[in-house]
Amino acid sequence: MAISPRVLLAAVAFLAVLELALVSANFKDQCNITWGPQNAEFSEGGEHLKLSLVNKSSGAMVTTLKSFIFGSVSTRIMLVKGNSAGTVTTYYTSSTGNFSLHDEIDFEFLGNSSGDPYTLHTNVFADGVGAREIQFKPWFDPTADYHNYTILWNPCMIVWYVDSFPIRVFRNYTGLPFPTRRPMYAYSSIWNADDWATQGGRVKADWTQAPFSAEYRDLDLQTCECADGSSDDACADSCASSKYAVEPRCELTDKEKRQMKALQLGYTIYNYCDKARTEAAKNPATADPVPPECDLDDKQDQGQY
């Protein structure tokens, strides 16, 4: 049975209240300010974080002290209020080092003019292979209150959650790139991207409205941390036997699958698989191949893989 957007909204509101009861980690104790310290503010003993974008060349970023392989990272964010066009607020994980081989899992929130919805942008890089974007319009006002954003990463799959609802899954298929060996850090940031973020750069940031501020709280890191000074390979070997990898959760529950399908049907505004298929149908001789995981996902969803 399909889940109506109205029912989902009610459930989301209820779950958001439940999130208040979670024991949170401390941004100040578990993160470093790695860019724009003048624009990053800890309060409530480090439980609350505010990141601000003051002008075109400013912004702020905090990074977890520890890198990790597998687990879940979660926080609650209240996005920039009012006219947020040209701004990008983020919560993501990324490896360091050789960018051509890097891994990354993204939540990015692309601002918009007052009254227009944010774009909730997700992406993943594995072994340097990216361009796996799926975008959504939120079914709630992300500027009116805090909402929970969670990334689950294990050897089987990556799942993006919003207020405990899965919105996307990226699976580990044999022979295809998937992050398993490179430690990642978790990042929170705000920065200027008015050359592309809002309507392809047609709508610029209104700097008379600066500073633009996003607020974070309730950091929750449930991860296999890399030991200080360990090599990437040593961390990968150690975390391969951790509780996050030995018995990984490789499937959503049936309830979660129904929730995800309803949200994707109602709120997806861009999907790289759909775009690739459209291009292939229009220009079969010159279009890039459809990424193989797109067809595998269809078979997986139909129980054929």
Side-chain angles (χ1 to χ4, degrees), residues 30 63-75 90-108 121-134 149-161 166-188 219-253 256-257 260 271-273 276 289-301 304-305:
Q30 300 207 35
T63 307
T64 54
L65 296 173
K66 297 282 190 176
S67 61
F68 55 88
I69 296 180
F70 304 138
S72 68
V73 295
S74 175
T75 192
T90 74
Y91 185 63
Y92 67 101
T93 68
S94 181
S95 62
T96 59
N98 187 347
F99 188 79
S100 66
L101 292 174
H102 92 294
D103 299 331
E104 183 173 322
I105 309 166
D106 294 340
F107 267 119
E108 294 185 341
H121 177 98
T122 66
N123 196 11
V124 59
F125 287 80
D127 298 340
V129 178
R132 270 37 182 181
E133 297 99 341
I134 299 180
Y149 303 93
T150 298
I151 295 168
L152 171 70
W153 171 34
N154 68 34
C156 291
M157 63 182 183
I158 298 164
V159 187
W160 290 255
Y161 289 91
I167 63 169
R168 177 183 180 183
V169 175
F170 186 82
R171 298 181 177 92
N172 186 1
Y173 293 114
T174 301
L176 298 182
F178 187 89
T180 58
R181 299 288 300 178
R182 295 182 187 86
M184 294 202 247
Y185 293 86
Y187 299 81
S188 303
L219 178 66
D220 186 14
L221 306 174
Q222 303 292 328
T223 61
C224 178
E225 294 182 349
C226 301
D228 291 339
S230 66
S231 67
D232 289 1
D233 285 342
C235 181
D237 292 341
S238 175
C239 287
S241 60
S242 73
K243 65 179 181 180
Y244 304 105
V246 172
E247 296 181 0
R249 183 182 173 202
C250 294
E251 279 291 330
L252 299 180
T253 66
E256 287 179 321
K257 290 177 183 178
M260 184 173 70
N271 185 315
Y272 75 100
C273 289
V290 175
E293 70 270 13
C294 298
D295 292 334
L296 292 173
D297 280 343
D298 288 346
K299 292 180 181 178
Q300 176 83 19
D301 293 339
Q304 300 174 9
Y305 184 88

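Positions are given from 1, in the same order as the sequence printed here.
Considering all non-hydrogen atoms of both residues, P166 and V159 come closest at CB-CG1, 3.9 Å. Annotation for F68 and A186: closest pair CE2-N, 3.8 Å, computed over non-hydrogen atoms. When all heavy atoms are compared, the tightest approach of V169 to M260 is CG2-SD, 3.8 Å. The two residues A234 and S230 have their closest heavy-atom pair at CB-CB, 4.3 Å. Contact between S72 and T150 at its shortest, heavy atoms only, is CB-CG2, 4.4 Å. The two residues A236 and T180 have their closest heavy-atom pair at CB-O, 4.3 Å.
Here the CE atom belonging to M184 is positioned 8.5 Å from the CD1 atom belonging to I69, to the nearest 0.5 angstrom. For the atom pair CD (E293) and CG (N172), the distance works out to 11.0 Å, reported to the nearest 0.5 Å. Atoms CG and CZ, from L176 and R171 in turn, are 12.5 Å apart once rounded to the nearest 0.5 Å. Here S74 contributes atom OG and L152 contributes atom CG; the two are 11.0 Å apart, rounded to the nearest 0.5 Å. With values rounded to the nearest 0.5 angstrom, I158 atom CD1 is found 4.0 Å from I105 atom CD1. From Q30, atom CD reaches atom CG of L65 across 7.5 Å, with rounding to the nearest 0.5 Å.
Inter-residue side-chain proximity for N154 and Y244 is flagged as unmet; no heavy-atom pair is nearer than 4.5 Å. Two residues are said to be in side-chain contact when any heavy atoms from C-beta on lie closer than 4.5 Å; Y272 and C294 meet this criterion.
Each of D232, D127, D233 was evaluated against R182; a single residue qualifies, D127, per the salt bridge (Lys or Arg N to Asp or Glu O under 4.0 Å) test. Partner Y92 forms a side chain to side chain contact (heavy atoms under 4.5 Å, CB included) with one of D106, N123, T122, V124 and no other, that one being D106.
As summarised for C226 and C239, their two SG atoms remain at a distance no smaller than 2.5 angstrom, missing the threshold.
By the 6.0 Å contact criterion, NZ on K243 is open, its count of non-hydrogen atoms from other residues, nucleotides or ligands being 12 or less.
Side chain of W153 to backbone of T93: no donor-acceptor contact under 3.5 angstrom is found. No donor-acceptor pair under 3.5 Å is formed between the side chain of T223 and the backbone N or O of G71.
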- Message: Does Y91 form a side chain to side chain contact (heavy atoms under 4.5 Å, CB included) with V73? I'd like the steps, not just the answer.
- Response: CA-CA 9 Å; Y91 185 63; V73 295; 3.4 Å; yes
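Ring pair Y185/Y187 is perpendicular by interplanar angle, where above 60° counts as perpendicular and below 30° as parallel. Using the six-membered ring where Trp is involved, F170 and F178 have ring planes that are parallel, under 30° apart on the 30 and 60° scheme. Using cut-offs of 30° and 60° for the angle between ring planes, the Y149 and F107 rings count as perpendicular.
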